[in-house]
Structure formats: C-alpha cells, structure tokens
**Q** 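Encoded as structure tokens, here's the structure I'll be asking about.
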Amino acid sequence: MIFLINLINSLFDLTFAPFVNMNLLWGISVVSLVTGVVMLIIFSYTSDQQGIKETKEKIKGYLLEIRLFKDDLQQNLRSQKQILKYNLLYMKHSLKPMAVMIIPVILIMVQLDNRYSMRPFKAGEKALICLKLADNINPVTANIELKLPAGVTMDAPPLRIEKEGEIDWRVRVDTPGDYDLKFLVGNETFTKKLVAEPRLARLSSEITQASLSQLLITPGESPIPSSTPVKEIKVVYPEMQIKIFGRNIHWMVLFFVLSIVSAFALKGVFKVQI
C-alpha cells in the first residue's frame with residue numbers, strides 16, 4: 001500500500017511540476033479540466049447511456065405536458081408524478097458511475113488539499129511546532145529536544161503542557177528552504193519536514209503513528225513507527241489564500257465548479273449522456 005501511495009504522489013508531483021512557480025489558478029484549473037474529462041469517460045463506460053437518454057426524454061415530455069395543460073389540474077398532477085418517477089430512475093442510473101467515480105475523485109482531492117489548503121512559510125514568519133506524547137509519558141519531565149537546522153531559529157522556549165501531553169515550540173524561518181526538524185526523544189530521533197519556499201508545494205501538516213487512513217489523508221511524509229513514545233508531530237502552516245476578483249475562494253469550490261463545467265462543456269465531444 002505504501003508503494004501505491006508513493007507512486008500516486010510521484011504521478012501528481014510530475015503533473016504539478018510545470019505549475020510550481022506559476023499563478024495558483026493554473027495548476028488547479030488544469031487538474032479540474034482533466035478531472036472533468038476523466039469523469040466523463042468513467043460515466044460513459046459505467047452508466048446505462050440508452051436508459052439515461054430515454055429517461056431524460058420522458059422528463060422533457062412530461063415537462064412539456066405541464067406547459068401545454070397548465071389549466072388542467074388533474075393532468076398536471078399526473079405529469080408531476082411521472083416526472084418524480086423518472087427523476088428517481090435517473091438517479092438510479094447515476095448511482096453506479098458515481099460509486100466508481102468517487103475513488104479517483106477522492107485521490108485527486110487529497111492531492112489538491114495537500115497543495116492548496118496550506119502554503120509554505122515565508123522568510124521572517126514564525127511557525128508553531130507541536131509534539132504529542134503517549135499517555136504514559138509526562139512532557140514536563142521527559143527528555144525531549146528539538147534540533148533546528150541552519151536557517152531556522154528558536155523564537156521562544158518550549159511550552160510543556162502536562163494536561164495535553166504536548167510540547168510546543170515557536171520557531172522563526174530566517175531564510176527560504178526545505179528543512180528537516182529533528183526531535184530527540186530519549187534514544188530515538190524523529191524527523192518532520194518544514195517547507196519555506198515561495199512555490200506551490202505538497203505539504204503535510206502532521207505525521208502520526210502508522211495507519212492506512214492517515215497515509216491516505218496525509219501522504220506527504222512517512223508515518224511515525226508504532227509503539228514509540230511520540231503520537232503526533234505537527235507543523236501549523238498558514239492557510240492558503242486563492243484570490244479571484246479580490247475574493248478569497250476555497251480550492252474545493254474552484255475544483256468542483258471547474259470540473260463540473262468542463263464535464264458539461266465536453267459531453268458533446270465525448271458523446272456522453274449525463
């Protein structure tokens with residue numbers, strides 16, 4: 001499974017490589033367009049195209065009946081009942097392709113979230129680093145140290161929160177770069193990446209002990225080995241701001257709007273009934 005996740009990461013890294021130094025909208029627009037095409041192809045092969053076509057024709061016919069017999073209440077009710085029936089049938093035709101499409105769409109959304117929900121730090125910015133310990137370890141007395149690379153300096157003494165089992169550090173990024181933060185916990189060393197480059201990057205805010213769900217959600221870095229005193233290490237990145245006409249738009253809104261618009265715009269080219 002780790003091999004498959006690393007392969008998916010590499011494929012998306014390759015896909016986004018041309019856009020790392022471009023305006024944020026380029027990368028997400030291209031991926032959304034490709035996603036729309038992929039959804040069309042999946043839909044065409046997994047749906048009953050003839051059934052969908054006939055169902056849509058039926059709905060159009062009953063809508064026309066409502067318009068023609070708008071003064072006939074009984075006929076209107078019968079037509080509306082039939083429209084409801086064929087709408088349910090249309091939804092039934094869509095269930096199978098939707099169930100198939102959800103898998104690649106989730107994979108794409110995880111990759112987009114790792115790139116567009118957070119941004120790398122800028123030189124001069126301060127970062128909060130959090131380390132959570134196993135329940136049986138007291139952070140106040142534990143022998144734990146954070147080793148910083150050149151280019152990152154400590155901005156405040158560590159804050160040890162016994163109730164939360166957590167140690168927090170505040171650091172300052174002096175120069176741009178990709179850094180490895182090293183945590184010395186007894187005789188063990190744990191590493192967490194901190195990215196501070198002015199470019200689009202695949203970011204992983206936190207790493208936790210190995211689990212399949214965690215690997216799928218945060219595929220950026222290797223998980224913490226199980227049965228260790230560390231449960232989680234987190235770098236709190238700034239939120240990504242995507243501005244369109246002066247308004248901040250969440251990447252998920254852009255993704256769904258652009259992919260759905262591209263799918264509808266190209267359905268005639270691929271001859272797909274939606």
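It should be emphasised that the depicted structure is a prediction, and the values quoted were computed from it without experimental measurement.
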**Q** Please list all pairs passing the salt bridge (Lys or Arg N to Asp or Glu O under 4.0 Å) test where one or both residues lie in residues 223-249, with sequence neighbours left out.
**A**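 Qualifying pairs: D135-K231.
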**Q** To the nearest 0.5 Å, how far apart are CG in D72 and CD1 in I66?
**A**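 Separation between the atoms: 11.5 Å.
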**Q** Are any non-hydrogen side-chain atoms of V235 and I129 less than 4.5 angstrom apart?
**A** yes
**Q** Under the side chain to side chain donor-acceptor pair (under 3.5 Å) rule, what pairs show up with a residue in residues 20-39, not counting sequence neighbours?
**A** none
**Q** Are side-chain heavy atoms of L146 and L131 found at a separation under 4.5 Å?
**A**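 No. Closest side-chain heavy atoms not under 4.5 Å.
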**Q** Side-chain atoms of residues 173-184: list all donor-acceptor pairs with protein atoms under 3.5 Å, sequence neighbours left out, distances to 0.1 Å.
**A**
{"from": "D174", "atom 1": "OD1", "to": "R172", "atom 2": "NE", "distance (Å)": "3.0"}
{"from": "D174", "atom 1": "OD2", "to": "T153", "atom 2": "OG1", "distance (Å)": "3.2"}
{"from": "T175", "atom 1": "OG1", "to": "Y179", "atom 2": "OH", "distance (Å)": "3.0"}
{"from": "D178", "atom 1": "OD1", "to": "R199", "atom 2": "NH2", "distance (Å)": "3.2"}
{"from": "D178", "atom 1": "OD2", "to": "R199", "atom 2": "NH2", "distance (Å)": "2.7"}
{"from": "Y179", "atom 1": "OH", "to": "T175", "atom 2": "O", "distance (Å)": "2.5"}
{"from": "Y179", "atom 1": "OH", "to": "P176", "atom 2": "O", "distance (Å)": "3.4"}
{"from": "D180", "atom 1": "OD1", "to": "K193", "atom 2": "NZ", "distance (Å)": "3.3"}

**Q** Checking side chain to side chain donor-acceptor pair (under 3.5 Å) between E65 and each of K60, Q75, K70, which is the one that passes?
**A**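 One option only clears the test, and that one is Q75.
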**Q** Out of curiosity, does V31 fall in the hydrophobic cluster containing L25 (side-chain heavy atoms, cut-off under 4.5 Å, transitive links)?
**A**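 Yes: a chain of side-chain contacts under 4.5 Å links L25 to V31.
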**Q** If you link ILVMFWY side chains whenever their heavy atoms are less than 4.5 Å apart, which other residues fall into the same cluster as L68? By chain and number, please.
**A** L64, F69
**Q** Quick check for you: to the nearest 0.5 Å, what is the distance between L203 atom CG and L194 atom CG?
**A**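 Nearest 0.5 Å value for the CG-CG distance: 9.5 Å.
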**Q** Using 0.5 Å steps for rounding, measure from the CG atom of D155 to the NZ atom of K126.
**A**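 Answer for the CG-NZ pair, D155 versus K126, is 4.0 Å.
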**Q** Could you work out, with ring-ring contact (aromatic ring centres under 6.0 Å, His included) as the rule, every residue matching F43, not counting sequence neighbours?
**A**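 Applying ring-ring contact (aromatic ring centres under 6.0 Å, His included) to F43 gives none.
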**Q** List for me each residue that meets salt bridge (charged side-chain N to carboxylate O under 4.0 Å, His left out) alongside E125, sequence neighbours excluded, and say none if there are none.
**A**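 Per chain and number, E125 pairs via salt bridge (charged side-chain N to carboxylate O under 4.0 Å, His left out) with R119.
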**Q** When rounded to the nearest 0.5 angstrom, what distance separates CZ in F16 from CG in L11?
**A**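 So the gap between those two atoms works out to 12.0 Å.
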**Q** For A134 and T228, work out which heavy atoms get closest and say how close.
**A** CB-O, 4.5 Å
**Q** Not counting sequence neighbours, list each pair that qualifies as a salt bridge (Lys or Arg N to Asp or Glu O under 4.0 Å) and has a residue in residues 18-31.
**A**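 Residue pairs passing salt bridge (Lys or Arg N to Asp or Glu O under 4.0 Å), neighbours aside: none found.
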**Q** Consider only side-chain heavy atoms of I, L, V, M, F, W and Y, link residues closer than 4.5 Å, and tell whether L24 and L33 are in one cluster.
**A**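 Linked, L24 and L33 end up in one cluster.
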**Q** Which pair of heavy atoms, one from F121 and one from P238, lies closest together, and at what distance?
**A** CE2-CD, 3.5 Å
**Q** Atom CD of E188 and atom CD1 of I224: how far apart are they, to the nearest 0.5 Å?
**A** 10.5 Å
**Q** Enumerate donor-acceptor pairs with a distance under 3.5 Å from any side-chain N or O in residues 249-264 to protein atoms, sequence neighbours excluded.
**A**
{"from": "H250", "atom 1": "ND1", "to": "M252", "atom 2": "N", "distance (Å)": "3.0"}
{"from": "W251", "atom 1": "NE1", "to": "D113", "atom 2": "OD1", "distance (Å)": "3.4"}
{"from": "S259", "atom 1": "OG", "to": "F255", "atom 2": "O", "distance (Å)": "2.7"}
{"from": "S259", "atom 1": "OG", "to": "F256", "atom 2": "O", "distance (Å)": "3.3"}
{"from": "S262", "atom 1": "OG", "to": "L258", "atom 2": "O", "distance (Å)": "3.0"}
{"from": "S262", "atom 1": "OG", "to": "S259", "atom 2": "O", "distance (Å)": "2.8"}

**Q** How long is the span from the CD1 atom in I137 to the CG atom in N143, to the nearest 0.5 Å?
**A** 11.0 Å
**Q** Apply side-chain hydrogen bond (donor to acceptor under 3.5 Å, both in side chains) to K122 and list each qualifying residue two or more places apart in sequence or on a separate chain.
**A** none
**Q** Do you reckon V34 sits in the same ILVMFWY cluster as L200, going by side-chain contacts under 4.5 Å, direct or chained?
**A** yes
**Q** For residues I244 and M240: do they belong to one hydrophobic cluster (side chain heavy atoms under 4.5 Å, members Ile, Leu, Val, Met, Phe, Trp, Tyr)?
**A**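 Linked within one cluster.
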**Q** How close do D168 and E166 get, heavy atom to heavy atom, and via which atoms?
**A** OD1-OE2, 2.6 Å
**Q** Under the side chain to side chain donor-acceptor pair (under 3.5 Å) rule, what pairs show up with a residue in residues 44-53, not counting sequence neighbours?
**A**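 Sorted result for residues 44-53: S47-Q49, Q50-E54.
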**Q** Please collect all salt bridge (Lys or Arg N to Asp or Glu O under 4.0 Å) contacts where either partner lies in residues 255-274, sequence neighbours excluded, each pair once.
**A** none
**Q** Charged N to carboxylate O below 4.0 Å: is that the case for E162 and R160?
**A**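 No, this pair does not count.
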**Q** Give the table of side-chain donor-acceptor pairs shorter than 3.5 Å for residues 81-108, with sequence neighbours excluded, one pair per line with atom names and distance.
**A**
{"from": "N87", "atom 1": "ND2", "to": "I83", "atom 2": "O", "distance (Å)": "3.2"}
{"from": "Y90", "atom 1": "OH", "to": "I274", "atom 2": "O", "distance (Å)": "3.2"}
{"from": "S94", "atom 1": "OG", "to": "Y90", "atom 2": "O", "distance (Å)": "3.0"}

**Q** Could you see if I42 belongs to whatever hydrophobic cluster contains L266? Use Ile, Leu, Val, Met, Phe, Trp, Tyr and a side-chain cutoff under 4.5 Å.
**A** yes
**Q** Could you report the tightest heavy-atom contact between S204 and Y237, atom names first, then the distance?
**A** O-CE1, 3.8 Å
**Q** Given the rule in the side-chain contact (heavy atoms from CB on, under 4.5 Å) test, do V230 and Q209 qualify, once you have shown the distances and angles that lead to the verdict?
**A** CA-CA 8 Å; V230 177; Q209 292 189 359; 5.9 Å; no
**Q** Taking C-beta and beyond as the side chain, do L159 and R170 meet within less than 4.5 Å on heavy atoms?
**A**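 Not in contact.
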